[in-house]
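Report on the structure given below.
Just so it is clear, the values below take in all heavy atoms, side chains as well, and ignore hydrogens, waters and symmetry mates. In what follows, chains are A, B, ... by sequence order, proteins preceding strands, each numbered from 1. All of these numbers come straight from a predicted model, not from anything done at the bench.
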Number of protein chains: 2
Amino acid sequence: MTERTLQQLKTAETEKISHLDYFNIGISVDCVILGYDEKELKVLLIKSDMQEFSGLYSLLGDFIKPDEDLEAASYRVLKERTGLDDVFLEQVKAFGNITRHPSGRVITIAYYSLIDVRNHKLQLDLNELHWHPVNEIKKLAFDHKQILDTCLGRLRQQVMEHPVIFNLLPEKFSLRELQKLYQAILGVELDRRNFRKKISIKDWLLDIDEMEVNVPHRPGKLYTLKKQYRNKAAKNVVLQMA
Amino acid sequence: MTERTLQQLKTAETEKISHLDYFNIGISVDCVILGYDEKELKVLLIKSDMQEFSGLYSLLGDFIKPDEDLEAASYRVLKERTGLDDVFLEQVKAFGNITRHPSGRVITIAYYSLIDVRNHKLQLDLNELHWHPVNEIKKLAFDHKQILDTCLGRLRQQVMEHPVIFNLLPEKFSLRELQKLYQAILGVELDRRNFRKKISIKDWLLDIDEMEVNVPHRPGKLYTLKKQYRNKAAKNVVLQMA
DNA sequence: AATTAATGTGTAATAAGTACATATTTATTA
DNA sequence: TAATAAATATGTACTTATTACACATTAATT
């Protein structure tokens with residue numbers, strides 16, 4: 001902020017009209033909540049009942065409260081919608097086209113969140129929330145398709161560099177499950193031996209000396225993410241990037 | 001945005017108190033305007049005259065107008081402050097801690113911009129703007145040091161992947177100049193032969209069959225960035241990432 | 001007992017990254 | 001004008017990472 005803008009802020013605080021000029025922009029957060037289930041990457045959506053978007057789904061979001069940090073607002077949306085609070089969440093980008101919201105000017109800050117669907121009990125029914133396979137989504141309300149695509153792009157960018165993908169898996173998982181998940185996110189087939197070599201070089205995993213159970217084939221070893229890489233808070237990820 | 005939040009928006013529009021609840025957050029853009037001069041990476045700063053930050057410098061920013069796109073706001077700041085309009089600009093991150101602005105709640109969206117200092121005539125004197133070597137900056141007003149560091153991190157991340165660095169150089173440049181700039185940004189020494197190999201593999205450059213002049217040593221060849229990579233608009237970069 | 005569907009493992013070939021030295025060119029200086 | 005300074009231009013051996021690819025083994029199911 002600069003001198004001149006502070007000047008403007010002070011002016012805005014004393015004059016009613018200026019105040020409205022500078023403060024009638026709404027600010028929201030929107031969360032791309034991703035889960036992995038039945039071999040697909042899915043996103044949590046709610047049906048839009050806005051006339052403009054009838055029949056379309058939208059991301060989960062809410063307005064930011066004046067006394068609420070950005071991260072707090074996105075965690076609150078998650079908590080309110082899913083009941084979860086110990087989840088991975090990272091800011092991706094602000095979206096602010098003038099026309100993006102039919103009811104007025106709303107700038108939104110997009111976050112993406114990764115959730116282990118199997119392990120957490122979500123309270124989906126209460127809110128008419130549903131998981132939708134990301135690959136089948138053609139159109140969403142507002143600019144939410146663009147937000148979704150941007151967040152998926154960020155996820156793909158992060159996934160080979162940082163151990164974020166494990167937030168989508170249960171604590172114990174096999175290398176097959178992990179590889180399938182990478183393939184679902186990256187949209188490519190990976191060679192099994194090369195994949196295992198690559199993962200083992202990163203040294204993220206701990207062999208816990210347990211085996212898969214209830215699989216209709218030879219069970220694989222189970223692994224877990226090493227403790228030092230378990231960073232669910234967005235803060236940690238942000239620090240890594242800086 | 002969801003049903004419930006739209007509900008809230010509509011409520012906010014009709015009730016005075018709720019309106020103030022949801023709309024008394026200020027939104028600004030702040031620009032990390034980077035230039036390269038005299039072998040150093042520099043950032044354009046203005047002296048803060050807020051009491052809270054006396055003696056400190058701050059980034060260039062302004063409030064977003066209700067009828068103004070985010071990108072338009074940051075381009076406007078650049079244009080007003082430097083007179084430039086054909087520059088590289090990319091959004092990095094929103095910063096929204098409750099306490100980040102002493103005068104009230106202000107969420108800011110940070111952009112970074114890359115400018116060829118030698119080629120553009122900046123109107124710096126009018127605004128009391130000055131270039132500061134980024135390596136000498138210890139403290140800035142607001143959370144601007146954190147914003148600067150985050151933007152520099154983003155720049156470092158981009159610089160080997162995408163041809164953005166050329167926005168800091170004149171149209172024609174030698175490989176020595178390019179290497180010095182990479183070194184300034186990345187903070188490392190690079191081997192000259194390996195650097196040239198790496199750059200030539202990327203196939204970004206066009207040999208224009210000209211030589212440096214007025215250098216106190218053997219002149220090097222001059223190169224220019226191939227036309228297909230000249231993307232100054234932030235839009236293009238965003239698309240690449242998605 | 002046979003079948004199914006996985007697991008677990010290694011090597012050769014190619015590509016990319018790193019470390020490193022010498023002859024050449026131009027401007028400057030003695 | 002000869003010597004010096006400061007850079008340019010260029011290649012190879014070594015190491016590391018990536019890719020392509022096949023077979024014996026295990027447990028559950030039929």
Side-chain angles (χ1 to χ4, degrees), chain A residues 36 38-40 118 156-163 165 169-170 172-225, chain B residues 36 38-40 118 156-163 165 169-170 172-225:
Chain A
Y36 175 65
E38 295 169 33
K39 311 188 189 338
E40 277 186 309
R118 278 171 278 183
R156 285 186 198 109
Q157 205 181 47
Q158 298 269 22
V159 98
M160 292 310 295
E161 307 293 321
H162 302 285
I165 203 171
L169 289 174
K172 303 170 182 182
F173 49 86
S174 68
L175 291 177
R176 171 179 37 77
E177 291 173 293
L178 183 61
Q179 182 180 344
K180 290 273 180 201
L181 177 49
Y182 268 102
Q183 292 176 163
I185 289 173
L186 298 174
V188 293
E189 291 284 298
L190 301 171
D191 176 86
R192 190 156 50 96
R193 277 169 294 185
N194 294 342
F195 173 77
R196 285 166 184 235
K197 198 193 301 176
K198 206 163 190 170
I199 290 294
S200 82
I201 284 167
K202 296 202 185 291
D203 203 33
W204 289 339
L205 301 187
L206 194 65
D207 179 342
I208 55 171
D209 197 31
E210 291 183 47
M211 304 298 276
E212 283 183 297
V213 290
N214 295 327
V215 285
H217 52 75
R218 173 179 174 181
K221 281 184 171 184
L222 290 177
Y223 295 83
T224 193
L225 180 65
Chain B
Y36 175 63
E38 294 169 34
K39 309 182 190 341
E40 278 185 309
R118 279 172 278 183
R156 285 188 197 107
Q157 205 180 48
Q158 299 269 22
V159 100
M160 292 310 295
E161 306 292 322
H162 303 286
I165 203 171
L169 289 174
K172 302 170 182 182
F173 50 85
S174 67
L175 293 176
R176 172 178 36 79
E177 291 173 293
L178 183 63
Q179 183 180 345
K180 290 275 179 199
L181 176 51
Y182 269 102
Q183 292 177 162
I185 289 173
L186 298 173
V188 294
E189 291 284 297
L190 301 172
D191 177 85
R192 190 154 49 97
R193 277 168 294 186
N194 294 341
F195 173 76
R196 286 167 184 234
K197 198 195 301 177
K198 206 163 190 171
I199 289 294
S200 83
I201 284 167
K202 295 203 184 291
D203 202 34
W204 289 339
L205 300 188
L206 194 65
D207 179 343
I208 55 171
D209 198 31
E210 290 182 49
M211 304 298 275
E212 283 183 298
V213 290
N214 294 327
V215 286
H217 51 75
R218 172 177 174 183
K221 282 182 171 184
L222 290 178
Y223 295 83
T224 193
L225 181 65

Are the side chain of [X] and the backbone N or O of [Y] linked by a donor-acceptor pair below 3.5 Å?
X: E177(A); Y: S174(A); result: yes
X: Y182(B); Y: M160(B); result: no
X: R118(A); Y: L169(A); result: no
X: Y223(B); Y: W204(B); result: no

What's the [atom1]-[atom2] distance between [X] and [N], to the nearest Å?
X: M211(A); N: dA28(D); atom1: CE; atom2: P; value: 10 Å
X: R176(A); N: dA28(D); atom1: CZ; atom2: C1'; value: 13 Å
X: R196(A); N: dA6(C); atom1: CZ; atom2: P; value: 12 Å
X: E189(B); N: dA19(C); atom1: CD; atom2: C1'; value: 15 Å

* Asked: Could you give the distance from NZ (K172(B)) to CD (E212(B)), rounded to the nearest 0.5 Å?
  -> 12.5 Å
* Exceeds 12 heavy-atom contacts within 6.0 angstrom, atom CG of D207(B) -> yes
* To do: Go through residues 214-223 of chain B and report each residue with a non-hydrogen atom lying under 4.0 Å from DNA chain C, sorted by number.
  => V215(B), H217(B), R218(B), P219(B)
* Worked check of side chain to side chain contact (heavy atoms under 4.5 Å, CB included) between R196(B) and R192(B) -> CA-CA 6 Å; R196(B) 286 167 184 234; R192(B) 190 154 49 97; 3.5 Å; yes
* To do: Going 5' to 3' through nucleotides 14-21 of chain D, assign each nucleotide B (protein heavy atom under 4.0 Å from a base atom), S (under 4.0 Å only from sugar-phosphate atoms) or - (no protein heavy atom that close).
  => -----BBB
